[in-house]
Amino acid sequence: MAEIGTDIFAAINHLENGNLVAIPTETVYGLAANAFDNEAVAKIFTAKNRPSFDPLIVHTSSFDRVSSFTKEINDNTYKLAESFCPGPVTFILKKTETIPDLVTSGHSTVGVRIPRHPLTQTLLESLEFPVAAPSANPFGYVSPTTAEHVNQQLGDKLPYILDGGPSTVGVESTIIDASEDQVKILRLGGLTLEEIEEVLGRKVDLIKTSSSNPNAPGMLFSHYSPGIPLTLGPIDWESLEKSSNTFGVLTFGKQNNLPKNALEFCLSKSKNVNEAAANLFRGLRYFVGTEVRNIYAEKLPDEGLGRAINDRLTRAAATIV
Ligand code: TXA
Ligand code: MG
């Protein structure tokens with residue numbers, strides 16, 4: 001198992017020596033390596049069992065530092081970065097030669113993120129290179145929101161996990177392509193559509209997920225699997241109650257009269273969508289190792305962070321296990 005701690009110097013040391021370190025961010029934990037070091041980056045793909053066609057996001061401490069490995073940043077991007085960096089957002093930008101092709105799966109663009117978690121901010125400030133970091137989970141599985149989640153699934157694949165407590169946002173960053181006038185969202189996440197449109201003063205496009213979409217190479221439709229079949233939609237309590245099996249329910253809002261054969265994880269009793277996002281991946285993991293063989297999840301209102309939560313639940317439901 002990996003060592004878990006809060007020692008930034010240990011994390012720096014490992015990263016400088018080409019090793020993997022799991023880092024806390026406000027969205028989810030990332031599996032980090034020196035983005036300029038091909039061999040170190042290759043370790044990420046191996047540890048996650050990630051296909052090489054799925055590009056990685058590169059993280060650094062401030063948007064000022066981004067120009068050292070990207071080019072042609074336009075006004076839309078600067079406007080959004082000024083409002084939302086550091087934060088739960090990733091920009092797709094043209095890369096320079098300094099970023100190895102392995103990081104971007106051969107694409108000429110690179111995803112760039114400035115996380116706002118204080119521990120990781122300090123770490124990134126101290127490093128002379130940016131770090132490539134996907135979510136720190138085996139490929140296709142639920143993202144980790146605590147150091148313990150990382151240790152459970154990848155603990156034997158890395159020497160150190162920097163523990164920054166539970167991730168406060170709880171869903172991954174929103175991925176934006178602002179390279180053209182018509183700004184596109186490639187993945188919904190911690191920054192909402194509404195917030196983006198407010199800053200730009202106009203509508204943005206939501207790109208539909210497709211594994212063959214060249215703009216969103218790794219955004220495979222089935223993902224975020226807890227390893228237990230999940231059904232999304234209004235819960236048919238009456239017919240479930242008649243079943244002889246125990247089933248899992250992922251609910252939003254306080255439930256009265258839960259059937260005896262239901263195991264509940266409530267995302268937010270008070271229907272607070274921020275709380276629901278922060279609890280989402282913990283909720284999906286909650287049923288693992290229990291007698292539950294089927295999970296039923298309620299859809300949230302399709303607005304604000306609710307959109308990103310519904311997106312993750314839809315993908316979890318699309319996974320055949
Ligand atoms: O919040 C987050 O974004 C977390 C934390 C650790 O920063 N990271 C994360 O990384 O979610 P990952 O690898 O699990 O998801 C990154 C997504 C992938 O679906 C990938 O296809 C897409 O970003 N991506 C990366 N580079 C891209 C590029 N150049 N063009 C289009 N999509 C890209
Ligand atoms: Mg991921």
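This chain uses plain numbering: 1 for the first residue, then up along the sequence. All ligand and atom numbering here is 1-based and tracks the order in the structure. For the numbers below, each heavy atom of this structure counts, side chains included, while hydrogens, waters and symmetry mates do not.
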Report summary line: Protein-side N, O or S atoms sitting under 2.8 Å from the Mg ion (ligand 2) are Ser135 OG

Cut-off 3.5 Å, no hydrogens considered: what does the side-chain donor-acceptor table look like for residues 296-305, sequence neighbours left out?
| from | atom 1 | to | atom 2 | distance (Å) |
| --- | --- | --- | --- | --- |
| Glu298 | OE1 | Phe252 | N | 2.9 |
| Asp302 | OD1 | Asn310 | ND2 | 3.4 |

Report task. Could you list the atoms of ligand 1 found under 4.0 angstrom from a heavy atom of His59? Result -> 5 (C), 6 (C), 7 (O)

Query raised in the report: Going by an N to O cut-off under 4.0 Å, is there a salt bridge joining Arg113 and Glu26?
Result: yes

Query - Pairwise side-chain hydrogen bond (donor to acceptor under 3.5 Å, both in side chains) hits with a residue in residues 248-257, at least two apart - result: Thr251-Glu264

Query - Within residues 276-295 or reaching into it, pairs that qualify as ring pair (Phe, Tyr, Trp, His ring centres under 6.0 Å) - sequence neighbours excluded - result: Tyr224-Phe281, Phe265-Tyr286

Requested in this report: Return yes if a side-chain donor-acceptor contact under 3.5 Å exists between Asn74 and Thr77, otherwise no.
Outcome: yes

Report task. Answer yes if the side chains of Ser270 and Asn272 hold a donor-acceptor pair under 3.5 Å, and no otherwise. Result -> no

Query raised in the report: What are the atoms of ligand 1, with element, lying closer than 4.0 Å to any heavy atom of Asp54?
Result: 18 (C), 19 (O), 20 (C), 21 (O)

Query - Gap between atom CG of Leu154 and atom OH of Tyr141 - 0.5 Å precision - result: 11.5 Å

Query - Nearest neighbour of atom 1 (O) of ligand 1 from the list Val171, Thr27, Val103, on a heavy-atom basis - result: Thr27

Query raised in the report: Out of Pro55, Gly111, Ser143, who gets a non-hydrogen atom closest to atom 25 (C) of ligand 1?
Result: Pro55

Report summary line: Quick look: Glu172 vs ligand 1, heavy-atom contacts under 4.0 Å, and the answer is both

Requested in this report: Return yes or no for this condition: an N or O of Tyr29 is under 3.5 Å from an N or O of ligand 1.
Outcome: no

Query raised in the report: Looking just at side-chain N and O atoms, do Ser167 and Thr145 make a donor-acceptor pair shorter than 3.5 Å?
Result: no

Query raised in the report: Salt bridge check: are Lys242 and Asp236 linked by an N-O gap of less than 4.0 Å?
Result: no

Report task. To the nearest 0.5 angstrom, please state how far the CG atom of Leu102 sits from the CG atom of Asn38. Result -> 5.0 Å

Report summary line: Here the atoms of ligand 1 under 4.0 Å from any heavy atom belonging to Gly30 are 6 (C)

Query raised in the report: Would you say Ile57 touches ligand 1, if touching means a heavy atom closer than 4.0 Å?
Result: yes

Query - Test side chain to side chain donor-acceptor pair (under 3.5 Å) applied to Ser61 and Glu125, step by step - result: CA-CA 5 Å; Ser61 59; Glu125 263 170 38; 5.2 Å; no

Query raised in the report: Any N/O of Arg187 closer than 3.5 Å to an N/O of ligand 1?
Result: yes

Query raised in the report: Below 4.0 Å from any atom of ligand 1, is there a heavy atom belonging to Lys95?
Result: no

Requested in this report: Could you tell me if any non-hydrogen atom of Arg113 lies under 4.0 Å from any atom of ligand 1?
Outcome: yes

**Report entry** Ile175 and ligand 1 - part of the residue with a heavy-atom distance under 4.0 Å
**Finding:** side chain

Query raised in the report: If you measure only the distance, is there a donor-acceptor pair under 3.5 Å linking the side chains of Arg187 and Ser173?
Result: yes

